[in-house]
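Remarks on the structure that follows.
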Amino acid sequence: MARYTPAEIERKWQDAWEADATFRACHDPARPKYYVLEMFPYPSGRIHMGHVRNYTMGDVVARFKSSCGFSVLHPMGWDAFGMPAENAAMERGGHPKDWTYGNIADMRAQMKPLGLSIDWSREFATCDPDYYGQQQAMFLDMLAAGLVYRKNATVNWDPVDMTVLANEQVIEGKGWRSGAPVERRDLTQWFFRISDFADELLEALDGLENWPEKVKLMQRNWIGKSRGLQMAFSTVDAPEGFDRIEVYTTRPDTLMGASFLGISPDHPLARALERHRPDVAEFCAECRRMGTSEEELEKAEKRGFDTGLKVRHPFDTAWELPVYIANFILMDYGTGAIFGCPAHDQRDLDFARKYGLPVTDTFVALDGGEPVGDVAFVPPKTEPVRWVRAFAWDEVATGEQAVDAAIRFCEENGVGHGVTKFRLRDWGLSRQRYWGCPIPVVHCPDCGVVPEAKENLPIELPYDEDGTPIDFSIPGNPLDRHPTWRNCTCPKCGQAARRETDTMDTFVDSSWYYARFTAPHAATPTDLAEAEYWMNVDQYIGGIEHAILHLLYSRFFARAMQITGHLPEKAREPFDALFTQGMVTHEIYQTRDAAGRPVYHLPEDVEGGKLKATGEAVEIIPSAKMSKSKKNVVDPVNIIESFGADTARWFVLSDSPPERDVEWTSAGAEAAHRHLGRVWRIANGIAEEMDQGGGIAAYESEGEGAAPGGEDDLTLRRALHKTIHDVTMGIESFGFNSSVAKLYAFTNTLAKSAASLPARREAAMVMAQLMAPMTPHLAEDIWAMLGGQGLIARAPWPKPDPALLVEDTVTLPIQINGKRRSEIAVPRDMDAAEVEKLVLADDAVRKALDGGAPKKLIVVPGRIVNVVV
RNA sequence: GCCCGAGUGGCGGAAUGGUAGACGCAGGGGAUUCAAAAUCCUCCGCCGCAAGGCGUGCGAGUUCGACUCUCGCCUCGGGCACCA
């Protein structure tokens, strides 16, 4: 008996698609286009189930839209720059370039058997000089347009390895390799002026109707627009040039509860003091012995240092407040100085209690009104409170009203002015690393910082040094110590100059790849005609972990590209719809090296809690996001080899709602495979019946005009059209798991159906079409064996017949006091009065009423009845 | 610490404010088979012999009716600007 053989049919149909160029994106002005994009992968060397899930979802959308008549663009590329390549070179030798391109070849080979409807002719990697050369050209245009500038910024510095560390490389305040306490260090770096766009990036979120609310909310909070008061406190006995300290506050209404002034350790006053005061210098140095991440600063114990300086309260010059240097105040936000109001801010309160500073209530709750103890009173700004130290508003007012009044009062009295500030900072793009896009500028002794000439692009990364491969075992930036690469001539004056040795943040690479896919081989960054046709991305799909940075940077970049003429106006917001898929999680296996640092292991290297190679026991850390660095990734190649790509695809779609996390298990894979085998056998059985009945030709004349079948045929057709409707709705709303469930249910219906052969043939063919976006190879095979014309991939999507979707009778559940107790079958359109009569005649209802009348009787037509007794 | 999510049977999960547990996994029973595999049929939230009662993380609230809406907690996950 014939069997389902995925290994054979998957190869067969992939070859057929290849020969047909089915997935080649066609710039066809006559058809509407649809651009579906999944976030491109980092080429770690192996695909994992997260990739399979991500790309299968995109593939379902791409194939579905294609069947619906759209000209689809569905490309794939590689986010190929970044630290792991350099780390690999350090750990295992070799070159980042060879490692990366080797990984890309491996991953492409693992991905192709999935049968994704990708136009591979558009593939590129961000580390291709052709790509990053165009990126350099855009950088120069953005520099000319004033979108890029240089300023000082703080980095994590490893004093032993003499190298800059990423936040990820700082573990508990120490360098991951050296173990040395990390220091903060200032470097001159390049920045994109994203904060100039803060307001626009915020406002435009409202127009992104097909983005998840939570992502927009996260971006709103990240941009952090606030209205507040900027004002100065005058100082007493401060050093020269510091007779005033500017502070920014969002709660000027609490000014009468001020208790101290806090300044950042990086504030100019702190820096001035530390020059002459060893005690200040020591405290500031200690503050700087910490990483740069906000998380680390916020989690650190809140500490302050009393400078001994005082400031005068603006409303009462006799009232003096102490000035503290505090480790939790960021120089990057506001003015780097705050006033503390302990009664209405928990952090200020903790600080005040710790250093014995006064706590003064400025308002109390309407009911009660006990003074603040160890919990600050911080009601929502919209809640009315009773003010005990108001200075320009009513005794009872909300925080909002008080803030507005306070700003007005301060402005009228010459104490500062209302300002709007954003939390969003400019985007620092300089990285002191090798494996990234070189920043195309030159440092000339006479001309200073000079943009490289466009004709010299791309500025390529050097592969070796003096004929020998670059040695990555030495910490630090190989470009910086390369013997010749830095040497160049000034594009302006022609004399000897030095090349910039910093490379770009890899977020730059991923901020415009979607645009490059529309014309991947163009001699300019984009081709405006192609961008005009293909942009925007109609459906973008990726992980929630990119909700803020990648997506915000991309939104900024689209604007910057438009300003510099690389994208049309309509691409200002590049992603029309966003879907954030959940992550695939897995256990983490960890051992420790001699120095006690964690070493992670791939699941396939672990068996029964021990390393296969050495037998060493591993520590099992509970399921977490699959990540390259933790090595808790599962290799889907094994699944594809034993069950086929369709099984892998069907399984990742079936088990969990797409936006939710899923823990990968092997248990369901066999079930998925069993089901696909069953579907194939049902179709094959129908094909064999057809053969016995005279072959396909005998059924070709059937169809619309054919004699109506019996009751069984009608029942099957009703179920089929309901399934068409449900599966289509599922795909359109990203409810792939629901679509899969409906297809399971319909398979059962079809298997048990006593309908005529033509009806079952039709049902099997339509079912194949409905399955085609998910299990495309199986669908093609069934389509072919049942006599379908051409490729199912090119067949139009089936439409449900509305007449077959409505049922004549419905079952109404009867609730008594909200609990289901009975049910009645009634004609679909029976009026409520008739229904009521039937309900009151129902045994369960009569029993519950016990002869009395119901208190209330609610009839929701066609849905439910509730009797309140 | 701050911002954003998620919690439903043994497990993954379904459910425009309207029958909680669709569909699948695991498990039980049966058919077929010399036997097994494969396949097919069937049962399956918890307590209870039953009648019935209890059930969507916990506690309140709104409603004729709450997994769904509101408020307060708990737990887990994501992000926090140099991981990608």
Side-chain angles (χ1 to χ4, degrees), chain A residues 39 41-42 44 79 81-84 153 155-156 164-170 189 194 212-215 217-222 224 291-300 302 328 332 346-347 423-433 505-507 509-510 543-550 552-553 580 582-583 585 622-625 627-629 651 654-657 659-663 665 667-668 670-672 674-675 677-678 681 735 737-738 740-745 748 751 811-815 817-823 854-858 860 863-868:
Chain A
M39 291 180 185
Y42 179 81
S44 60
D79 189 14
F81 275 136
M83 291 202 312
V155 294
N156 299 308
V164 175
L165 298 177
N167 284 336
E168 183 189 57
Q169 299 173 312
V170 180
Q189 309 206 60
I194 188 173
E213 267 318 309
K214 65 175 169 182
V215 172
L217 191 53
M218 281 192 259
Q219 293 213 352
R220 278 189 194 105
N221 290 336
W222 187 259
T292 58
S293 76
E294 190 174 312
E295 182 186 4
E296 198 179 335
L297 295 181
E298 287 285 343
K299 276 185 178 164
K302 308 293 179 287
F328 56 85
D332 288 319
Q346 190 60 44
R347 191 168 60 183
R423 206 184 77 97
L424 180 67
R425 311 200 290 258
D426 276 336
W427 170 13
L429 68 115
S430 300
R431 297 291 181 271
Q432 295 70 40
R433 286 179 225 293
D505 178 9
T506 56
F507 274 124
D509 312 335
S510 55
I544 185 68
E545 68 271 26
H546 295 293
I548 297 175
L549 293 180
H550 162 62
L552 192 62
Y553 289 158
T580 53
M583 285 170 294
T585 62
S623 239
K625 165 192 173 186
S627 85
K628 306 167 266 294
S629 58
F651 175 61
S654 66
D655 236 25
S656 198
E659 68 276 11
R660 202 99 61 92
D661 286 358
V662 60
E663 174 157 17
T665 70
E670 293 195 24
R674 261 202 310 272
H675 178 73
R678 185 178 184 218
R681 278 195 309 278
N737 55 326
S738 308
V740 166
K742 301 292 183 189
L743 285 164
Y744 265 108
N748 285 331
T811 303
L812 283 189
I814 299 176
Q815 293 184 332
N817 291 337
K819 290 271 178 195
R820 196 193 82 95
R821 285 292 180 266
S822 183
E823 62 183 33
K855 264 193 207 153
K856 207 164 183 178
L857 186 57
I858 293 133
V860 184
R863 304 263 5 177
I864 203 167
V865 179
N866 193 10
V867 186
V868 187

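Predicted model only: the values in this text are computed from it and were never measured. Below, chain A is the first sequence line, B the second, and so on; all start at residue 1. Values reported hereafter were calculated over all heavy atoms of this structure, with side chains retained and with hydrogens, waters and symmetry mates removed.
A:Q432 comes within contact range of at least one nucleobase, with a heavy-atom separation under 4.0 Å. Within 4.0 Å of A:V170, counting heavy atoms only, lies no atom of the nucleic acid at all. A:R220 comes within 4.0 angstrom of nothing in the nucleic acid, heavy atoms only. A:A671 comes within 4.0 angstrom of the backbone, heavy atoms only, and of no base. At the heavy-atom level, A:N866 lies under 4.0 Å from base atoms of the strands shown. In this structure, A:S654 reaches neither bases nor backbone, as no heavy-atom distance under 4.0 Å exists between it and the strands shown. Residue A:Q189 is in base contact, counting any heavy-atom pair closer than 4.0 Å across all strands shown. Residue-level contact check: A:F507 touches the bases, meaning some heavy atom is under 4.0 Å from a base atom. Using a 4.0 Å heavy-atom criterion, one finds that A:G428 contacts the sugar-phosphate atoms exclusively. When heavy atoms are screened at a 4.0 angstrom cut-off, A:H546 is found touching base atoms of the nucleic acid. If you check every strand for non-hydrogen atoms under 4.0 Å, A:K299 touches a base. Residue A:L424 is in base contact, counting any heavy-atom pair closer than 4.0 Å across all strands shown. Contacts of A:P41 with the nucleic acid, taken as non-hydrogen atoms under 4.0 Å apart, are absent. As judged by a 4.0 angstrom heavy-atom cut-off over every strand, A:S510 is placed among residues making no nucleic acid contact.
Here the separation of B:C41 from B:C46, taken at their P atoms, is 24 Å to the nearest Å. Here, B:G59 and B:U68 have their P atoms 13 Å apart, quoted to the whole Å. Taking the C1' atom of each, B:A60 and B:G21 are spaced 26 Å apart, rounded to whole Å. For the C1' atoms, the distance linking B:U56 with B:C11 amounts to 16 Å, nearest Å. The separation of B:G79 from B:C47, taken at their P atoms, amounts to 40 Å, rounded to a whole angstrom.
Out of B:G24, B:C64, B:A81, the shortest distance to the side chain of A:N167 is found at B:A81. For A:P657, taking side-chain heavy atoms from C-beta onward, the closest of the listed nucleotides B:C82, B:G13, B:U19 is B:G13. For A:V860, taking side-chain heavy atoms from C-beta onward, the closest of the listed nucleotides B:G18, B:C80, B:G53 is B:G18.
Interatomic distance, A:L549 CG to A:M218 CE, rounded to the nearest 0.5 Å: 11.0 Å.
Taking side-chain N and O atoms only, A:S656 has no distance below 4.0 Å to OP1 or OP2 of B:G12. Using a 4.0 Å cut-off, no side-chain N or O of A:N737 falls inside it from OP1 or OP2 of B:G24. The phosphate of B:C4 (OP1 or OP2) has a side-chain N or O of A:N221 nearer than 4.0 angstrom. Between A:R425 and B:A81, a side-chain N or O to OP1/OP2 separation shorter than 4.0 Å is absent. OP1 or OP2 of B:A14 sits under 4.0 Å from a side-chain N or O of A:R660. Remark: A:K856 is in phosphate contact with B:C64, judged by side-chain N or O atoms under 4.0 Å from OP1 or OP2.
In this structure, A:E659 does not pair ionically with A:K214, as no charged nitrogen and carboxylate oxygen lie closer than 4.0 Å. Between A:R347 and A:E298 there is a salt bridge, with a side-chain nitrogen of the basic residue lying less than 4.0 Å from a carboxylate oxygen of the acidic one.
Side-chain polar atoms of A:R820 and A:N866 form no donor-acceptor pair below 3.5 angstrom. For A:T292 and A:N167, the side-chain atoms include at least one donor-acceptor pair closer than 3.5 Å. Counting only N and O atoms by type, the side chains of A:Q815 and A:E823 include no donor and acceptor under 3.5 Å apart.
The separation between A:L165 atom CG and B:C82 atom P is 14 Å, rounded to whole Å. Rounding to whole angstrom units, CG of residue A:L743 and P of B:A14 are separated by 16 Å. For the pair A:N817 CG and B:G53 P, the computed distance is 11 Å after rounding to whole Å.
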Output one line per pair: protein atom, nucleotide atom from nucleotides 36-45 of chain B, and distance, for all N/O pairs under 3.5 Å.
from: B:C40; atom 1: OP1; to: A:R678; atom 2: NE; distance (Å): 2.9

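Contact of A:E294 with B:C80 (side chain to base): no donor-acceptor pair of N or O atoms is detected under 3.5 Å.
Regarding the sugar-base torsion, B:G17 falls in the anti class, its angle being beyond 90° of 0.
A stem is defined here as three or more consecutive Watson-Crick or G-U pairs, each with both distances under 3.5 Å; for RNA chain B these stems are B:1-7 with B:74-80, B:10-12 with B:23-25, B:27-31 with B:39-43, B:45-47 with B:52-54, B:57-61 with B:69-73.
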